[in-house]
> 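Encoded as structure tokens, here's the structure I'll be asking about.
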Amino acid sequence: MAILDCGGQYTKVIDRKVRELLVQSDIFPVGTPPERLREYQGIILSGGPASVWNEQALHYDPALLDLGIPVLGICYGMQLINQHFGGMVVPGLRTEYGETEIEVDPGCPLFDGLEPKQVVLMSHGDTVSELAPGFQIAARSGDVTAAIYHPGLNIYGVQFHPEVDLTVPGKAILTNFLMKICGLHGTYALEDRIHTAIEKIREKAKDQKVLVLVSGGVDSAVSAALLLKALDPDNVYAIHIDHGLMRKNESDIVCENLKAQGLKHLIRENAAADFFNSVIEVNGKTIGPLTRLVDPEEKRNLIGEVFIRVVRRTAESLKLDFDQTFWAQGTLRPDLIESGNPDVSGYAHKIKTHHNDVDIVRRAREKGLVIETNWDWHKDEVRQVARALGIEESIASRQPFPGPGLAVRMMCNDATDRITSEQQARVAELMAGFDPAYHTEAVPIRTVGVQGDCRSHRFLALSYGKGIELEWDKVYAIGTGLPNQVDFINRVAYVLNKERLDGPLQCYPLYINPESVDLLRELDARVVSKLNTKPISQVFAVLLPVGITKKYSVAIRTIITNDFMTGRPAAIGKDILRETVAELTREIERDFPQIDLVLYDVTSKPPATVEWQ
Ligand SMILES: Nc1ncnc2c1ncn2[C@@H]1O[C@H](COP(=O)(O)OP(=O)(O)OP(=O)(O)O)[C@@H](O)[C@H]1O
Ligand SMILES: O=c1[nH]c(=O)c2[nH+]cn([C@@H]3O[C@H](COP(=O)(O)O)[C@@H](O)[C@H]3O)c2[nH]1
Ligand SMILES: NC(=O)CC[C@H](N)C(=O)O
Ligand SMILES: [Mg+2]
């Protein structure tokens, strides 16, 4: 199978899913000359951040669609097919981000064997307005075209993403395409990941010393375990950095656990002062110190650079020349995709810079000094490898904690953003049409999102039901519906203690400093201790500078996902008990006098991301 990359967040997920069905696949840029694709039995065109109707449309060779090979276009790929064959694609009146119910035609070979009603993951702003001649509509979500096909040409397009877990019939649809439409057989043997990783490490760093950055998370635990297997353990130096943005007691616990992993050399760097006080230069611009920053990308870049400065210092204390020394980190595929790394895709947008893919890291990679054993894997694959390596289950299944730590859970703000009265009126009008019992308002705090494979940095909306108990389906519908209807909101949070809302909301400045970090750390510990249960994949607290009589509110973020590329919040009353959430709310009100509102994030990814930044 040839997968043509149009810059989608999930291009690599397509490749993975195809391989999991035991079909070999290769990824090429969308502009690849069609002659190079002749040997393949099928072509998949990925999604992507561009739009086919404007000058940013990606270049492709039209002969690609004349090869006589079956083609499946996904999202941008479907829009490309429709336009190519004479149909029309325009910006949609209604966008679709998140889980969406569609009705499929089981008569279309792609949907063979499926029930008509299906839930799928959408992430698009553009839409088919005129179907290309010769094509038929094979699925709809209301008035939006959700799939098209040309029976004679064997060309198919889906507006949704069959490759991600949130598309319930995704595997069945891909199986139909690969096996029934392309006539492939599942005969491909998955590679022995551990063996390949060990070989690669030996090729690079055989008898040399390697510094490995260990956070306590599963990714770096796997990196360290692979290094210990591949090299003389005496040459592996593990460095754990406490940047002052770790969770409660985390560095102590992590270092205890790491000692038990068989590491001969473990160095703990207490570097909070470096992270809080350093100033960096990026492209001639001075950034920092962290305690003055409000821009989420500046925070991420600064933290990433300081990480490497601290590693350099550690190398020097070991009498190593840092510019000649190998160092390893547990980078995963999504870190690189979301950072817009050009080695992963030439067309993908930067959603946000991961700390492990900032400029200084990219330069070291070019010199061949960085070892990234997990480079090609998603989170669930790393967990599988961890178990196969015999890593303790508590680490193999550990919830992720981002490298920049609590810094990306603090909604730093200089209180200069404003919501216009037109924007507020638009929200009120939409909510009145949805259900007058729910009050929703936009607040001038921006969070990061991923919409149609593009980055968004839009306002948060707060919602609550007047005089009614929380009804999850309604609340989740607001979380999905509102970002689809306005282009200035990408995240919705439900107010769990709505009785506090007895005056106008105020937004205040908020910066990272030891006190604000301590407050968030304590809140986070409380939230995690209460909600860290299955089926939640990750849970944490976010600190917001908004309130009625007090300066702060807290948001509870839960996410259910496998690969962390898409996910949905845990449903209150279904995935988690109402009573547990109510108890947690009461505890926060009782024990945290600085906190006004207790919020619950009801947005999936997309349109929001897991972290708020
Ligand atoms: N506090 C830290 N000290 C040393 N290295 C770190 C620290 N935080 C992150 N890193 C490095 O950055 C890499 C990427 O961080 P990331 O959080 O994605 O991975 P992880 O912490 O190993 O696993 P998880 O994502 O499950 O938390 C880590 O694998 C590790 O190599
Ligand atoms: O190592 C990391 N460095 C980062 O900069 C970073 N940002 C987000 N995350 C984690 O990645 C997963 C997906 O999160 P997002 O939807 O916010 O991208 C979630 O599990 C996040 O916690 C990070 N991990
Ligand atoms: N995910 C995608 O492929 C999105 C395609 C296009 N950018 C849109 O918003 O419709
Ligand atoms: Mg981590």
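Just so you know, ligand 1 is whichever comes first in the structure, and atom 1 is the first atom listed for that ligand.
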> Of all the atoms in ligand 1, which lie at a distance below 4.0 Å from a heavy atom belonging to Ile239?
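By the 4.0 Å cutoff, the relevant atoms are 4 (C).
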> Please work out whether any backbone atom (N, CA, C, O) or any side-chain heavy atom from C-beta onward of Asp335 is under 4.0 Å from ligand 1, and answer side chain, backbone, both or neither.
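The side chain, only.
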> Going by the angle between their ring planes, with limits at 30° and 60°, are Tyr156 and Phe177 parallel, tilted or perpendicular?
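If you compare the ring of Tyr156 with that of Phe177, the planes turn out perpendicular.
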> For atom 20 (O) of ligand 2, what's the nearest protein heavy-atom neighbour? Residue, atom name and distance, please.
Gln538 OE1, 2.7 Å
> Tell me whether the guanidinium CZ or amine NZ of Arg446 lies under 6.0 angstrom from the six-membered ring centre of Phe459 and within 45° of its axis.
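Yes, Arg446 lies over the aromatic ring of Phe459.
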> How close does the nearest protein non-hydrogen atom get to atom 4 (C) of ligand 1, and which residue and atom is it?
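Scanning the protein heavy atoms, the shortest distance from atom 4 (C) of ligand 1 goes to Val214 O, 3.2 Å.
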> Counting non-hydrogen protein atoms only, what is the nearest one to atom 3 (N) of ligand 1? Give residue, atom name and distance.
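The protein heavy atom lying closest is Ile241 N, 3.0 Å.
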> Under 4.0 Å from ligand 2, counting heavy atoms only, is it the side chain of Lys379, its backbone, both or neither?
neither
> What do we get for Pro402 next to ligand 2 when only non-hydrogen atoms under 4.0 Å count, side chain, backbone, both or neither?
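Both backbone and side chain of Pro402 come within 4.0 Å of ligand 2.
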> Within a distance under 4.0 Å of any heavy atom of Phe307, pick out the atoms of ligand 1 and give their elements.
2 (C), 3 (N), 6 (C), 7 (C), 8 (N)
> Could you say whether the N/O atoms of Thr353 and ligand 2 ever approach to under 3.5 Å?
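There is no such contact.
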> Only heavy atoms of Gln329, strictly under 4.0 Å: list the atoms of ligand 1 that pass.
31 (O)
> Could an N or O of ligand 3 be found under 3.5 Å from any N or O of Gly47, whether backbone or side chain?
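By distance alone, the answer is no.
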> For atom 27 (O) of ligand 1, what is the nearest protein heavy atom, given as residue, atom name and distance?
Phe401 N, 2.9 Å
> Starting from atom 18 (O) of ligand 1, find the nearest protein heavy-atom neighbour and note its residue, name and distance.
Asp219 OD2, 3.4 Å
> Tell me the protein heavy atom at minimum distance from atom 15 (P) of ligand 2, and give that distance in Å.
Lys352 NZ, 3.3 Å
> Quick check on contacts: which atoms of ligand 1 are under 4.0 angstrom from a heavy atom of Val218?
23 (O), 26 (O)
> Got an N/O contact under 3.5 Å between Gln79 and ligand 3?
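By distance alone, the answer is yes.
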> Kindly confirm or rule out an N or O of His124 lying under 3.5 angstrom from an N or O of ligand 3.
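No.
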> Please list the nearest protein heavy atom to atom 3 (N) of ligand 2 with its residue and the distance rounded to 0.1 Å.
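That would be His355 ND1, 3.1 Å.
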> Glu269: heavy atom below 4.0 Å from ligand 1, yes or no?
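No heavy atom of Glu269 comes that close to ligand 1.
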> Suppose I only count heavy atoms of Ser220 and a 4.0 Å limit; which atoms of ligand 1 are within that range?
22 (O), 28 (C), 29 (O), 30 (C), 31 (O)
> Does some non-hydrogen atom of His355 fall short of 4.0 Å from ligand 1?
yes
> Starting from atom 5 (N) of ligand 1, locate the nearest protein heavy atom and write down its residue, its atom name and how far away it is, to 0.1 Å.
Leu213 CB, 3.3 Å
> Return the option from Val610, Asn356, Asp357, Val358 holding the heavy atom at the smallest distance from atom 14 (O) of ligand 2.
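Heavy atom nearest to atom 14 (O) of ligand 2 belongs to Val610.
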> In the protein, what heavy atom is nearest to atom 2 (C) of ligand 2, and what distance, to one decimal place, separates them?
Gly403 N, 3.4 Å
> For atom 5 (O) of ligand 2, what is the closest protein heavy atom, and at what distance to 0.1 Å?
Arg300 NH1, 2.6 Å
> Report yes if some N/O of Gln159 lies less than 3.5 Å from some N/O of ligand 3; otherwise report no.
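Between Gln159 and ligand 3, no N or O pair is found under 3.5 Å apart.
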> Any idea which part of Pro404 is under 4.0 Å from ligand 2, heavy-atom wise: side chain, backbone, both or neither?
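The part of Pro404 near ligand 2 is the side chain, not the backbone.
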> So which protein heavy atom does atom 25 (O) of ligand 1 come closest to, and at what separation?
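Minimum-distance protein heavy atom for atom 25 (O) of ligand 1 reads Lys379 NZ, 2.7 Å.
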> For Tyr476, is the NZ or CZ atom of Arg568 found under 6.0 angstrom from the centre of its six-membered ring and inside 45 degrees of the ring axis?
no
> What protein heavy atom sits nearest atom 17 (O) of ligand 2, and how far away is it?
Glu611 N, 2.8 Å
> What is the closest protein heavy atom to atom 11 (O) of ligand 2, and at what distance does it sit?
His354 CE1, 4.3 Å
> Would one find an N or O of Ile74, backbone or side chain, under 3.5 Å from an N or O of ligand 3?
no
> Taking the six-membered ring for Trp, are His355 and Phe307 parallel (under 30°), tilted (30 to 60°) or perpendicular (over 60°)?
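His355 and Phe307: tilted rings.
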> Which residue and atom name correspond to the protein heavy atom nearest atom 6 (C) of ligand 3, and how close is it?
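Going atom by atom, the protein heavy atom closest to atom 6 (C) of ligand 3 ends up being Ala50 O, 3.4 Å.
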> For Asn356, counting its heavy atoms only, list the atoms of ligand 1 lying under 4.0 Å from any of them.
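That gives atoms 14 (C) of ligand 1.
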> How about Pro162 and Ile74: do any of their side-chain heavy atoms sit closer than 4.5 Å?
yes
> What's the shortest distance from atom 2 (C) of ligand 3 to any protein heavy atom, and which residue and atom give it?
Cys75 SG, 2.8 Å
> Do Trp612 and Asp601 get their side chains close enough for a donor-acceptor pair, meaning under 3.5 Å?
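Note: Trp612 and Asp601 side chains meet the donor-acceptor criterion.
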> Is any side-chain N of the basic residue among Arg16 and Asp376 closer than 4.0 Å to the acidic one's carboxylate O?
no
> How far is atom 8 (N) of ligand 1 from the closest protein heavy atom, and which atom is that?
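Here the nearest protein heavy atom works out to Ser215 CB, 3.3 Å.
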> Do the side chains of Asp343 and Arg362 get close enough for a salt bridge, i.e. N-O under 4.0 angstrom?
no
